[in-house]
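Only one structure is covered here, and it is reproduced in the block below.
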Amino acid sequence: MAKGSHYDKVKADHAVNFIERLTHTKGTWDGKPFELIDWQEQIIRDIFGTVKENGYRQFNTAYIEIPKKMGKSELAAAIALLLCCGDREARAEVYGCASDRQQASIVFDVAAAMVKNSPQLGKRVKINASQRRITYIKTGSFYQVLSAEAYSKHGFNVHGVIFDELHAQPNRKLFDVMTKGSGDARAQPLYFLITTAGTDTHSICYEIHQKAKDIIEGRKYDSTFYPVIYSAGEDEDWTDPKVWKKANPSLGITVGIDKVKAACESARQNPAEENSFRQLRLNQWVKQSVRWMPMEKWDKCDYTVDEDELAGRVCYGGLDLSSTSDITAFVLVFPPREETERYIVLPFFWIPEETVDLRVRRDHVPYDIWLREGYLYTTEGNVVHYGYIEKFIEKLGEKFNIREIAFDRWGAVQMVQNLEGMGFTVVPFGQGFKDMSPPTKELMKLVLEQRIAHGGHPVLRWMLDNVCAKTDPAGNIKLDKEKSTEKIDGAIATVMALDRAIRCGNDTGESVYDERGILFI
């Protein structure tokens, strides 16, 4: 507690009693008294009961970071009504802010339902649903939802601001307008920020998150700032129910443990869901894109690949040309000849010779070492020499039985014609969800079952580790590097080659897809 401040039980009791006279508004809880859960009551008592020597609240900003389904909207709505109708402030202006009007309306709708359920408030409060405004007639105070464009309107005289899901704010403009100077004319304004963890570490929410963390851990001090973060630690086991309980203080009350268990089980089965589970259920800040490949599973597939032993065998190629100044990837996939064998992956990569040193310095990637160790090839000059690569592929065709080469249609016209002139069967391969999803899911399945061998090739490993997964509403996935400059060409080429290897196989003419349909995971 700050110097000169103290706990005023009467003020704390007033806040708790006001809220507990409200009701819940959803599902099986609808109409039942709003009995504050212990963690919620602690927050209310701390914020409204901790006062300075002059009797006004010590805390002007409260930052509450908590997983979903913890009763967040109800708590925010109750505080909005308390500030508007129960804080003894004349003509109080209380605003509900979120990333968009629809999100901000979630808390408003809960507050409006609470008013309708309360005989006392119902007589004293006017609800204007179309304007998203609640007015407390006795004091002329109001609670108003603001649209995302509100930052352009100045002149607020703020007594309270409820920021719901701060992590979703597209920028800091609305936050700055509502919190910087807008409450200067009020004796005890309260900025109540409540959110789940986000994904953007350059956002206003992450900035406030870091401040809250620094205050909690004693690195910073701000007597006006009240921080609460319920989350799992980075190194804690995200599948452990004890960790769930620590991060979810309402577990077993507002959300059943069976729901969290089911979500966890789903995330264990499908690595693409893990980040979502960590963010929403355990309140951890995670990258927006899901790192698609669990690298510890990939590393278990580093079975030896001997080029000479593969001589003469049927295989399929995937060619990703990228741009002329970039990496070109050509990957061969050898389908198993019998059930006990694995799919074998044999990758080749080229970069322009003159750009190696620049790339090492710029990208902090060990291209020079990979070059020395034979995992990477260069072509003369400062752009990729396609003629050299065509000759290289022609030699591979003399060593292996390359049935087909799949390629991305984009920018490959001349090279495709040249490869066809050498006698190769070259097939175009779409880069959208429809074409990429089945073999991408198959690649994951083969890795998880350790039915693929890649020899631990370091360039391919680096590219797989760069891959993020994009999902469409139908559950199809495709590989993506999001906004990263890191390369995933080898991963794309592998998926294309694997698709042809699965569809065409050795000499049977049968496809795994034909046998059991496309895999859905």
Side-chain angles (χ1 to χ4, degrees), residues 39-40 43 47 59-77 79-80 94-108 145-152 156 158 160-183 189-217 219-222 224-234 247-250 275-290 482-483:
W39 68 271
Q40 295 174 326
I43 287 170
I47 293 172
F59 299 115
N60 296 131
T61 302
Y63 177 80
I64 316 298
E65 192 178 287
I66 194 154
K68 70 179 222 172
K69 302 295 180 191
M70 290 293 104
K72 193 161 48 66
S73 301
E74 284 75 10
L75 184 62
I79 288 174
V94 181
Y95 295 96
C97 302
S99 56
D100 54 47
R101 194 175 173 84
Q102 190 178 356
Q103 179 68 41
S105 295
I106 291 171
V107 174
F108 174 86
V145 170
L146 287 183
S147 62
E149 299 75 44
Y151 63 80
S152 62
F156 297 110
V158 168
V161 177
I162 311 296
F163 254 103
D164 186 31
E165 296 297 19
L166 183 62
H167 76 87
Q169 280 296 309
N171 53 53
R172 63 178 304 135
K173 291 177 181 174
L174 179 58
F175 180 85
D176 285 346
V177 165
M178 298 312 297
T179 60
K180 296 210 172 358
S182 63
L190 178 65
Y191 309 110
F192 188 79
L193 323 172
I194 191 161
T195 186
T196 48
T199 56
D200 181 2
T201 54
H202 301 291
S203 63
I204 178 61
C205 189
Y206 191 71
E207 183 184 310
I208 307 296
H209 161 86
Q210 284 297 101
K211 179 177 179 177
K213 214 168 160 205
D214 286 344
I215 290 171
I216 290 167
E217 293 170 7
R219 288 187 293 273
K220 284 185 181 166
Y221 177 75
D222 182 343
T224 69
F225 190 99
Y226 179 77
V228 172
I229 297 176
Y230 281 100
S231 68
E234 281 180 33
N248 293 267
S250 300
N275 270 13
S276 177
F277 180 86
R278 285 173 177 262
Q279 180 200 348
L280 299 175
R281 300 286 187 178
L282 298 184
N283 210 39
Q284 292 179 320
W285 282 78
V286 291
K287 287 192 175 182
Q288 185 162 15
S289 320
V290 178
E482 214 215 2
K483 295 169 186 160

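We number each residue from 1, following the sequence as shown.
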*Heavy-atom closest contact (Leu280 atom, Pro67 atom, distance)*: O-CB, 3.3 Å
*Interatomic distance, Phe192 atom CZ to Ile47 atom CD1 [nearest 0.5 angstrom]*: 5.0 Å
*List for me each residue that meets side chain to side chain contact (heavy atoms under 4.5 Å, CB included) alongside Asp176, sequence neighbours excluded, and say none if there are none.*
Arg172, Lys180
*If you look at every heavy atom in Thr196 and Glu65, which pair is closest and at what distance?*
C-CG, 4.2 Å
*Starting at OG of Ser276, measure out to CZ of Arg281 and round the result to the nearest 0.5 Å.*
8.5 Å
_Spatial distance of atom CD1 (Ile216) from atom CD1 (Ile229) [nearest 0.5 Å]_ = 4.0 Å
*Please report the closest heavy-atom contact between Ala76 and Ile162, naming both atoms and the distance.*
CB-CG2, 3.7 Å
_As an exercise, state the distance from CD1 of Ile204 to CG of Asn171, rounded to the nearest 0.5 Å._
10.0 Å
*Name all residues meeting the side-chain hydrogen bond (donor to acceptor under 3.5 Å, both in side chains) criterion together with Lys69; count only those two or more places apart in sequence or in a different chain, and write none if there are none.*
none
*Should Phe163 and Met178 be marked as a side chain to side chain contact (heavy atoms under 4.5 Å, CB included) after you check the CA-CA gap, both sets of side-chain angles, and the distance that decides it?*
CA-CA 10 Å; Phe163 254 103; Met178 298 312 297; 4.1 Å; yes
*asked:* Side chains of Gln169 and Ser203, heavy atoms from C-beta outward: is any pair under 4.5 Å?
replied: no
*Between Val161 and Cys97, what is the shortest heavy-atom contact and its length?*
CG1-SG, 4.0 Å
_For Leu193 and Thr61: C-alpha separation, side-chain torsions, deciding distance, then whether side chain to side chain contact (heavy atoms under 4.5 Å, CB included) applies._
CA-CA 7 Å; Leu193 323 172; Thr61 302; 3.9 Å; yes
*For Ala104, all residues meeting side chain to side chain contact (heavy atoms under 4.5 Å, CB included), sequence neighbours excluded*: Ala98, Val145
*What pairs with Thr179 under side chain to side chain contact (heavy atoms under 4.5 Å, CB included), at least two apart in sequence or on another chain?*
Phe175, Tyr191
*Taking all non-hydrogen atoms of both residues into account, name the closest pair between Gln103 and Asp164 and its distance.*
NE2-OD2, 3.0 Å
*Who pairs with Phe59 by ring-ring contact (aromatic ring centres under 6.0 Å, His included), at least two apart in sequence or on another chain?*
Tyr226
_Ring geometry between Trp285 and Tyr206 (parallel below 30°, tilted from 30 to 60°, perpendicular above 60°)_ = perpendicular
*Hey, what do you get for OG (Ser231) to NE2 (His209), rounding to the nearest 0.5 Å?*
7.0 Å
*With sequence neighbours left out, write down each residue that passes salt bridge (charged side-chain N to carboxylate O under 4.0 Å, His left out) with Lys220, or none if nothing qualifies.*
Asp214
*If you take all heavy atoms of Ala232 and Gln284, which pair is closest and at what distance?*
O-NE2, 3.2 Å
*Taking side-chain hydrogen bond (donor to acceptor under 3.5 Å, both in side chains) as the test, write out the residues that go with Ser73, two or more places apart.*
none
*Which residues satisfy the salt bridge (charged side-chain N to carboxylate O under 4.0 Å, His left out) test with Glu165, sequence neighbours excluded?*
Lys72
*For Tyr230, check ring-ring contact (aromatic ring centres under 6.0 Å, His included) against everything at least two apart and list the hits.*
Trp39
*Crowding at CD, Glu207 (>12 non-hydrogen neighbours, <6.0 Å)*: yes
*Pairing residues for Gln279 by the side-chain hydrogen bond (donor to acceptor under 3.5 Å, both in side chains) criterion, not counting sequence neighbours*: none
*Can you list the steps and then say if Asn248 with Leu282 is a side chain to side chain contact (heavy atoms under 4.5 Å, CB included)?*
CA-CA 7 Å; Asn248 293 267; Leu282 298 184; 4.3 Å; yes
_Nearest 0.5 angstrom please: Ile64 CD1 to Ile43 CD1, how far?_
4.0 Å
